[in-house]
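Numbering of residues begins at 1 and proceeds along the displayed sequence. Since this is a predicted model, take the numbers as computed values, not measurements.
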Amino acid sequence: MSSQASKDHLEGQKSPLLVDDHTVVTVRESKILVLLRGLPGSGKTTTLAKEIEQKYKETSRLISADQYEIKPVIRSSSGGDYTKLDDELTTCFERREASLVILDDTHHDHERLDELFDLANKYHFTVVVLEPKTPWRLDCAQLKDRNHWKLSLEELKNLRPSLEKDLLPLYFGWFLAKRDEDSLRKTSHEFLEQLGNLKAFKKRLQAYGYEDKHKLDLLKHFAKTPNILHCTSKFCDYGKAAGSEEYARQEVVKKSYSKGYTLHITALFATPRTVGARLELTEEQLLLWPLDAEREVMPKDTFPRGSRAHVTLGTAAEVQDVQTGIDLLEFIKLQQAGREGESLGELTGSVAGKVSYFDNGLWMVNLSRKIEVKSIFSGYYGKPGVNVPLRGSKKGLLHQCHIM
């Protein structure tokens, strides 16, 4: 192998956040917690932590369990004390000292990981889990001589089972960069405000459970929004969902993990249940889209691949986020039947486009100009059902949008 070929091979093994220019730009506009995971001596610190920290030295913070002398052992009452480390991590989040936080530890214990996922949720950080790709990363015989903790062969073998299997998320998907996420939340606000002020909308409130136009507050109606705006590609249920392990093992998924992508929004839509953004996936992005994604929720219908791709912007109080994709497919199903909806006006500004009404409270604005948002392809590893009140203004919560 030539020196150039050898270099290309090594570069190909690295995470996109180290070698892909678009990803680097996206990461710098995002809030990301990188969890480095692997056995002691496997190369987390030497091949990953320091390289990531150096790449993003202006915006990153490296926190290592080694600094606090937390010995990697099977967790018990006498296990490592993370109090001081967690204090530093929390302070870093609260004071916004870094937008890219790198946490260097074995991360073999699931209870400990759950604590970190909760913390990331609380401060709206996307989680990226990276592992070293060194040839000896699971070779306990070699690691015995490489780890500075001087762990015995038996101690390493006890740790290995929890690190051999891939850590699967609740779902994989594209998570919006913070800057574009904030912008899209404001766009969602503007969409609801302009839609609510349309005379045609005021005359068709029954589907939303209202007769009096003065009593409908769209922002209260769509009471919650995802903690981090995203487009789900594959629901995994931490590995319990059918096909999740096969999906995670695909080479395209492995190579795309932690990579930056630009998503294209072509339309915004609202139903009595949900408000969302319709996405048009590129050919590259469609490779990450499961063949059965549409059939999962509408098994009797046939749709083009990627039809369900969307970003949930908000849902009614008792409605789950998954409903947004189902609602989008209802629009597409009507369009496939030759119904393009009744044209009932236009919106302006960042949501400029023609408004169509499809009966039963289904409204869609096809944008005159596509909205582009940067995103990182990763996984959501936290608890299901984490939402926040609908947000979007500089003050945090959106101003109330009454139908006057």
Side-chain angles (χ1 to χ4, degrees), residues 14-38 44-45 47-65 85-86 88-105 107 112-132 167-185 226-233 253-263 288 311 373-382 386 388:
K14 290 184 177 182
S15 165
L17 59 80
L18 284 172
V19 295
D20 181 71
D21 290 341
H22 180 66
T23 301
V24 172
V25 172
T26 304
V27 169
R28 286 181 173 143
E29 296 179 9
S30 304
K31 290 170 66 178
I32 296 177
L33 172 63
V34 175
L35 298 182
L36 301 182
R37 186 170 183 258
K44 297 186 304 300
T45 304
T47 66
L48 274 175
K50 292 179 180 177
E51 197 169 357
I52 297 172
E53 182 187 30
Q54 184 61 29
K55 186 77 174 180
Y56 299 92
K57 54 188 175 183
E58 303 90 357
T59 57
S60 69
R61 174 78 165 273
L62 172 60
I63 300 174
S64 174
L85 185 151
D86 286 345
E88 181 184 354
L89 186 59
T90 302
T91 299
C92 181
F93 285 152
E94 287 182 344
R95 296 181 180 176
R96 301 178 183 180
E97 295 174 352
S99 58
L100 176 64
V101 180
I102 310 147
L103 192 52
D104 182 11
D105 196 3
H107 293 124
R112 171 63 184 162
L113 285 169
D114 286 341
E115 293 169 2
L116 293 171
F117 299 148
D118 287 345
L119 203 58
N121 271 335
K122 181 178 180 180
Y123 294 100
H124 310 288
F125 272 69
T126 297
V127 172
V128 171
V129 181
L130 296 180
E131 301 179 7
L167 183 67
L168 294 187
L170 182 63
Y171 51 82
F172 284 100
W174 294 273
F175 296 80
L176 269 61
K178 187 67 174 70
R179 187 178 299 176
D180 287 348
E181 179 191 36
D182 289 344
S183 176
L184 185 56
R185 289 191 191 276
N227 199 36
I228 297 174
L229 296 185
H230 64 276
C231 170
T232 298
S233 62
V253 174
K254 291 180 178 179
K255 287 184 176 180
S256 300
Y257 187 82
S258 79
K259 186 176 181 180
Y261 288 88
T262 296
L263 301 176
L288 294 165
V311 175
V373 290
K374 296 187 186 72
S375 67
I376 293 289
F377 184 75
S378 185
Y380 173 78
Y381 300 87
V386 176
V388 293

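- Shown here for Val127 and Ser378, the closest heavy-atom pair between the two residues is O-OG, 2.6 Å.
- Of the inter-residue distances, the one linking Asn227 atom CG with Thr126 atom OG1 reads 9.5 Å to the nearest 0.5 angstrom.
- Atom CG of Leu263 sits about 6.0 Å away from atom CG of Leu176, to the nearest 0.5 Å.
- Scanning for side-chain contact (heavy atoms from CB on, under 4.5 Å) contacts around Arg95 gives Thr91, Glu97, with sequence neighbours left out.
- Remark: Asp104 engages Leu36, Lys44, Thr45, Ala49, Leu62, Ser64 in a side-chain contact (heavy atoms from CB on, under 4.5 Å) (not counting sequence neighbours).
- Remark: Glu53 pairs with no residue by the salt bridge (charged side-chain N to carboxylate O under 4.0 Å, His left out) rule, at least two apart or across chains.
- The nearest pair of heavy atoms linking Ala98 to Val101 is O-CG2, 4.1 Å.
- Between Ile376 and Thr23, the closest side-chain pair of non-hydrogen atoms falls below 4.5 Å.
- Exactly one residue among Phe377, Tyr171, Phe172, Tyr380 makes a ring pair (Phe, Tyr, Trp, His ring centres under 6.0 Å) with His230. That residue is Tyr171.
- Looking at His124 and Glu181, their side chains never come closer than 4.5 Å, going by heavy atoms from C-beta outward.
- The CG atom of Leu229 lies 11.5 Å from the OG atom of Ser375; values are rounded to the nearest 0.5 Å.
- Looking at heavy atoms from C-beta onward, Val373 lies out of side-chain contact with Trp174 at the 4.5 angstrom threshold.
- Residues forming a side-chain hydrogen bond (donor to acceptor under 3.5 Å, both in side chains) with Ser99 (at least two apart in sequence, or on another chain): none.
- Under the salt bridge (charged side-chain N to carboxylate O under 4.0 Å, His left out) criterion, Lys259 pairs with Glu284, not counting sequence neighbours.
- Residues that satisfy the salt bridge (charged side-chain N to carboxylate O under 4.0 Å, His left out) test with Arg28, not counting sequence neighbours, are absent from this structure.
- In this structure, the side chains of Ile32 and Leu17 stay at 4.5 Å or more apart for every pair of heavy atoms.
- With sequence neighbours excluded, the residues forming a salt bridge (charged side-chain N to carboxylate O under 4.0 Å, His left out) with Lys374 are Glu29, listed by chain and number.
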Intermediate values then yes/no, side-chain contact (heavy atoms from CB on, under 4.5 Å), Arg61 and Glu88: CA-CA 11 Å; Arg61 174 78 165 273; Glu88 181 184 354; 3.0 Å; yes
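- The environment of NZ in Lys254 is crowded: more than 12 heavy-atom neighbours from other residues, nucleotides or ligands sit within 6.0 Å.
- In terms of heavy-atom proximity, Phe175 sits nearest to Ile228 at CD2-CG2, 4.3 Å.
- Side-chain contact between His107 and Leu167 is absent, with no heavy atoms from C-beta onward closer than 4.5 Å.
- Residues meeting the side-chain hydrogen bond (donor to acceptor under 3.5 Å, both in side chains) test with Ser233, sequence neighbours left out: Tyr247.
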Stepwise salt bridge (charged side-chain N to carboxylate O under 4.0 Å, His left out) test for Asp182 and Lys178: CA-CA 6 Å; Asp182 289 344; Lys178 187 67 174 70; 2.6 Å; yes
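- Open room surrounds CZ on Arg179; 12 or fewer heavy atoms of other groups in view lie less than 6.0 Å from it.
- Contact check for Ile52 versus Ser60: no side-chain heavy atoms found under the 4.5 Å cut-off.
- Among residues two or more places apart in sequence or in another chain, the side-chain hydrogen bond (donor to acceptor under 3.5 Å, both in side chains) test is passed with Asp114 by none.
- Val27 has its side chain out of reach of Thr59: every pair of non-hydrogen atoms, C-beta onward, lies at least 4.5 Å apart.
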Residues Ser15, Ser258; criterion side chain to side chain donor-acceptor pair (under 3.5 Å); working and verdict: CA-CA 7 Å; Ser15 165; Ser258 79; 2.7 Å; yes
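- Under the rule for a side-chain hydrogen bond (donor to acceptor under 3.5 Å, both in side chains), the partners of Ser256 that lie at least two apart in sequence or sit in another chain are Tyr261.
- Once rounded to the nearest 0.5 Å, the distance linking CZ of Arg112 with CG of Leu35 reads 9.0 Å.
- With values rounded to the nearest 0.5 angstrom, Arg37 atom CZ is found 11.5 Å from Leu130 atom CG.
- At a threshold of 4.5 Å between non-hydrogen side-chain atoms, the residues Ile102 and Leu48 do not count as touching.
- Residues meeting the ring-ring contact (aromatic ring centres under 6.0 Å, His included) test with Phe117, sequence neighbours left out: Tyr381.
- The two residues Tyr123 and Lys31 make their nearest non-hydrogen contact at O-NZ, 2.8 Å.
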